[in-house]
Asker: 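The structure follows.
Every chain is numbered from 1 and lettered A, B, ... according to where its sequence line falls, protein lines coming before strand lines. All heavy atoms count here, side chains included; hydrogens, waters and symmetry mates do not.
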Amino acid sequence: MKNKITKQSEDFSRWYNDLVLQAELADYSPVKGCMVIRPNGYAIWEKMQAELDRMFKETGHQNAYFPLFIPESFMKKEAEHVKGFAPQCAIVTIGGDKVLEERLYIRPTSETIIYAMYSKWINSYRDLPLLLNQWANVVRWEMRTRLFLRTTEFLWQEGHTAHATHDEAEEETLKILNIYTEFLEKFMAVPVLRGLKTEKEKFAGALRTYCVEAMMRDKKALQAGTSHNLGQNFAKAFDVKFQSREGNMEYVWQTSWGVSTRLIGSLIMVHGDDKGMKIPPRLASTQVVVIPIYRDDSEKQAVLEAAGKLIEKLKTRVSVKLDDRDHYSPGWKFNEWELKGIPLRIEIGPKDVKNQSVIFVRRDTGEKTPVRFDGLEDHAFTTLEDIQDNMYKTALKFRDDNTFEVDDYNEFKEKNKRDGGFFSMYVCDSNKCEIKLQEETKATIRVIPLNPPGGKNGSHKGKCILCNGSSKQRVIVAKAY
RNA sequence: CGGAGCGUGGCGCAGCCCGGUUAGCGCACUAGACUGGGGGUCUAGGGGUCGGAGGUUCAAAUCCUCUCGCUCCGACCA
């Protein structure tokens, strides 16, 4: 009965694996590098999908579905794109029992096949903007995998839009970045840094890649979502043209953007502790678990009856589950639900029934509070709101406490090695400095933040920490997943 | 692909060097009783041809060869 998970402080990586397996979020599959998402994990993904889907639709996007297989010739049309993805693709060469005339790539992402269709569907400026999204699985042949964070097959959504002008495409790219930010912060209680990827880190085939980056409890960065302004690169490769109002044939301006089941990994690593997972209330399919406590049959009857009535009231405001399994002790259940991250636990025993009150136990703080039967459902609701809020604040404070402004390379190297964290520093645009940085410190430029804090005299400019060359603004450097 | 480690009931391991009764332990599981406000106790059970193939031997979980898989650390990536 001692399925203790490894302590975070002992070995973060083992802690993560233990948690994922023991909280029954996912399991290793018989296929190398792939995972099985178990009901506990999938429930979180469904919640994420529901919220994001709503946000996409509210901003005018529609869902569609494109094939899993992509003709090899499509993959090869956009030069940068092929270069970026060819090394990590799975390819079907046989169909039925015949060798295929043209090999079929299993989509690592769907730009190519979607834009082949766009070129067919888009004729006039009246057809724009075209705003589609698909929920799908994709396959990338990874060398090293980790549950949720990097698996050979994963689930995601990919949005693909086409616009008449560069500015509209840019606006769309940023609009999505805002949606991701809002989703991460409001629902996942994960604070993010928004900004631009460097040339080196951007998506293969994009003009610009924007991203949201979050800090995990081990102070490493995780890219939680990306939004690409594709410019006209794919439009040219796939001949996606439209006739403008003025009658000219022009290439469309495109965007693509996505978040994946990796978000579940970030949820775990941002909030989890030595007891297990912490699901933010807004993503919890079960927000409250009620644990009845009794000794004999007469107590059991009285407690369950009272619990039943309370649950009816609770159901009007929160999602609640009664754990009336008889073969586990209350203590066992406490640990079990804490491991699984249920935000709020309500204990009800004979004493409570007598007092017309119950005990609330918060997963975020562990705090125990007696609460009267009267108005219980409202109290549960506001407690959940408070948990949601507190989880965000705690994560934000952790990130802020571990973000450092540095102007001396040696100081950075030492601190990065010793403590880790996010480092705000000046780095110039040259690829050379970026590569040197990575080679010498294992840290990379995670993001060039939007709206950087102003330097002295409101200027953002500074000297590159490596070569002393000029740098337009501070960037965030960190070790990353 | 390079380095390290590991494959023994569902899970975690011991046994292996130094071959030899019936392959053992903890947890989980089943039945029952007592229990129940932070992972309860006792009793009685079920379950393994030791990753796979080949070899050495009177005899292999144990020695040898090959092979497959997994985890961790690096190079690639959401």
Asker: Let's see if you get this right: which residues in residues 294-307 of chain A place a heavy atom under 4.0 Å from RNA chain B?
Answerer: A:Y294, A:R295
Asker: Once pairs are restricted to Watson-Crick or G-U wobble with both distances under 3.5 Å, how does RNA chain B read as a dot-bracket string, [ ] for crossings and | for other-strand pairs?
Answerer: ((((((((.[[[[.)....(...]]]].((((((.....)))))).....[[[[[..)....]]]]])))))))....
Asker: Indicate every side-chain donor-acceptor pair of residues 182-196 of chain A with a distance under 3.5 Å to a residue at least two apart or in another chain.
Answerer:
from   : atom 1 : to     : atom 2 : distance (Å)
A:E185 : OE2    : A:V192 : N      : 3.0
A:R194 : NE     : A:T181 : OG1    : 3.3
A:R194 : NH2    : A:N178 : OD1    : 2.3

Asker: Of all residues at least two apart in sequence or in a different chain, which pass the salt bridge (charged side-chain N to carboxylate O under 4.0 Å, His left out) check with A:E338?
Answerer: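 A:E338: salt bridge (charged side-chain N to carboxylate O under 4.0 Å, His left out) contacts with A:K275, A:R345.
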Asker: Under the rule for salt bridge (charged side-chain N to carboxylate O under 4.0 Å, His left out), what residues qualify as partners of A:D419, not counting sequence neighbours?
Answerer: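 Only A:K415 meet the salt bridge (charged side-chain N to carboxylate O under 4.0 Å, His left out) criterion with A:D419.
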Asker: Please enumerate all residues that pass side chain to side chain donor-acceptor pair (under 3.5 Å) together with A:E367, with sequence neighbours excluded.
Answerer: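 Expected list: none.
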Asker: Identify, residue by residue, the members of residues 345-359 of chain A with a heavy atom below 4.0 Å from RNA chain B, and return them in order of residue number, or none.
Answerer: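 Residues of residues 345-359 of chain A under 4.0 Å from RNA chain B: A:R345, A:E347, A:G349, A:P350, A:K351, A:D352, A:I359.
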Asker: Considering only residues two or more places apart or on different chains, which pairs with a residue in residues 189-223 of chain A satisfy ring pair (Phe, Tyr, Trp, His ring centres under 6.0 Å)?
Answerer: A:H81-A:F203, A:F85-A:F203, A:F203-A:H228
Asker: Identify all pairs in which a protein N or O lies below 3.5 Å from an N or O of nucleotides 69-71 of chain B, and state each distance.
Answerer:
from  : atom 1 : to    : atom 2 : distance (Å)
B:C70 : OP2    : A:K32 : NZ     : 3.2

Asker: Which atom pairs, one a donor and one an acceptor, fall under 3.5 Å between side chains of residues 45-53 of chain A and the rest of the protein, sequence neighbours left out?
Answerer:
from  : atom 1 : to     : atom 2 : distance (Å)
A:E51 : OE1    : A:R54  : NE     : 3.3
A:E51 : OE1    : A:R54  : NH2    : 2.9
A:D53 : OD1    : A:N63  : ND2    : 2.8
A:D53 : OD1    : A:W135 : NE1    : 2.8
A:D53 : OD2    : A:K57  : NZ     : 2.6

Asker: Quick one: list whatever passes salt bridge (charged side-chain N to carboxylate O under 4.0 Å, His left out) with A:E299, sequence neighbours left out.
Answerer: A:R295
Asker: Mind checking what makes salt bridge (charged side-chain N to carboxylate O under 4.0 Å, His left out) contact with A:R362, not counting sequence neighbours?
Answerer: A:D364, A:D386
